[in-house]
Amino acid sequence: MQATVPAGLDRKEAEVYLRLDSKRLPRHIAIIMDGNGRWARRRHLPRIAGHRAGVSSVRSTVETAAHIGIPALTLYAFSEENWKKRPASEVSFLMGLLCRYLKAEVPTLNKNNIRLEYIGRLHELPPSVQEKMQWAREATAHNAGMVLTLALNYSARTELVDAFRSIVDAAARNGGLSHLEIDEDAVSRHLYTRHLPDPDLVVRTSGEMRLSNFLLWQLAYAEIYVTPTLWPEFRGVHLLEGIEEYQKRERRYGGLAGDASQAHSSDHPRTRVSAPHAVKTGRS
Ligand code: IPE
Ligand code: IPE
Ligand code: MG
């Protein structure tokens with residue numbers, strides 16, 4: 001049990017935090033931020049009002065995760081399918097919202113020692129948005145605390161396709177395909193997430209029980225926490241409740257109950273967050 005509460009938590013967060021084991025926090029939490037549209041519809045507001053309201057949830061969740069020392073947080077901001085299938089007006093609102101978020105949030109990210117990264121087919125985003133993203137990444141690159149990764153125009157299947165292409169390209173540059181060796185670490189090293197450990201915990205808001213093409217490789221052994229809370233109502237305290245639930249789970253990795261040797265070693269490369277600028281994201 002934990003006796004001290006980190007600075008920055010409010011009273012409700014502190015209450016949940018005190019029930020956590022601070023030595024067993026997830027190294028990487030991934031969140032599928034869902035339910036903005038339903039939140040707006042319940043208030044007879046346009047869908048975009050839900051996206052706008054969701055920014056406060058991002059702020060609260062990011063700050064709480066950083067305050068308690070989570071090494072990596074990844075947020076599914078919009079999928080490749082959202083990008084292709086939603087009305088142009090909604091997509092362009094989301095682009096504007098992202099730019100405003102980045103501009104407004106960089107000082108707070110710096111204050112909290114948070115480094116910003118992105119995953120997804122970033123080169124398909126509008127050039128002006130890419131510029132803003134690059135600016136925000138560079139403005140936070142010196143931070144050594146939590147890595148905040150935004151998944152933008154992201155699809156796990158596309159990521160795997162890009163990884164296979166990248167493996168083949170690398171082999172072609174390095175003596176030809178007869179030297180090609182593929183194992184799990186090789187695949188991981190060619191994913192957009194090569195700078196991150198695999199998530200220990202994936203949270204989905206709004207009660208939907210699916211992964212919607214998010215981090216399919218990386219979530220192989222993640223604990224799944226689904227909450228009925230809609231994203232615009234989600235706050236840091238809900239993240240702590242998810243971590244509390246996570247800590248009640250027994251992770252077996254295919255082994256037998258109570259066998260600690262089955263747990264992933266903290267020395268494993270895929271459990272560490274790598275140094276800034278170790279990778280480029282997007283298609284390489
Ligand atoms: C999640 O909220 C945000 C994005 C996918 C961009 P939705 O827009 O999917 O909200 P619902 O699922 O329609 O309520
Ligand atoms: C998943 O939510 C993508 C994000 C939260 C960014 P969706 O709302 O797009 O997922 P589906 O369509 O319900 O599976
Ligand atoms: Mg949705």
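Just so you know, residue 1 is the first one in the sequence shown, and it goes up from there. First listed ligand is number 1; within each ligand, the first listed atom is number 1.
- When all heavy atoms of G35 and P232 are compared, the pair lying nearest together is O-CD, 4.0 Å.
- The number of protein N, O or S atoms lying under 2.8 Å from the Mg ion (ligand 3) is 1.
- Side-chain atoms of L98 and L150, non-hydrogen and from C-beta on, do get closer than 4.5 Å to each other.
- Within ligand 2, the atoms closer than 4.0 Å to a non-hydrogen atom of R210 are 11 (P), 13 (O), 14 (O), numbered from 1 in the order shown.
- Between N112 and E63, the closest heavy-atom pair is ND2-OE1, 3.6 Å.
- The side-chain contact (heavy atoms from CB on, under 4.5 Å) test with Y192 is passed by exactly one of L122, T149, T158: T158.
- Salt bridge status for R42 with E233: absent, with no side-chain N to carboxylate O gap under 4.0 Å.
- Contacts of R204 with ligand 2, taken as heavy-atom pairs under 4.0 Å, involve the side chain alone.
- When all heavy atoms of L211 and I32 are compared, the closest pair comes out as O-CD1, 3.7 Å.
- A donor-acceptor pair under 3.5 Å is formed between the side chain of R43 and the backbone N or O of W39.
- Under the 3.5 Å distance criterion, the side-chain polar atoms of N113 are left unmatched by any main-chain donor or acceptor of N143.
- Screening residues 70-101 for ring-ring contact (aromatic ring centres under 6.0 Å, His included) gives Y76-Y154, Y76-F214 as the qualifying pairs, with residues at least two apart or on separate chains.
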Provide, line by line, the atom pairs where ligand 1 and the protein bring an N/O atom each to a distance under 3.5 Å; else say none.
from     : atom 1 : to  : atom 2 : distance (Å)
ligand 1 : 2 (O)  : G35 : N      : 3.4
ligand 1 : 2 (O)  : N36 : N      : 3.2
ligand 1 : 8 (O)  : R47 : NH2    : 2.6
ligand 1 : 8 (O)  : R86 : NH1    : 2.7
ligand 1 : 9 (O)  : D34 : OD1    : 3.0
ligand 1 : 9 (O)  : R86 : NH2    : 2.9
ligand 1 : 10 (O) : N36 : N      : 3.2
ligand 1 : 10 (O) : G37 : N      : 2.9
ligand 1 : 12 (O) : D34 : OD1    : 2.9
ligand 1 : 12 (O) : R38 : NH2    : 2.8
ligand 1 : 13 (O) : R47 : NH1    : 3.0
ligand 1 : 13 (O) : R47 : NH2    : 3.4
ligand 1 : 14 (O) : G37 : N      : 3.3
ligand 1 : 14 (O) : R38 : N      : 2.8
ligand 1 : 14 (O) : R38 : NE     : 2.8

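- Qualifying side chain to side chain contact (heavy atoms under 4.5 Å, CB included) partners for A72, counting only residues two or more places apart in sequence or in other chains: H28, L196, V273.
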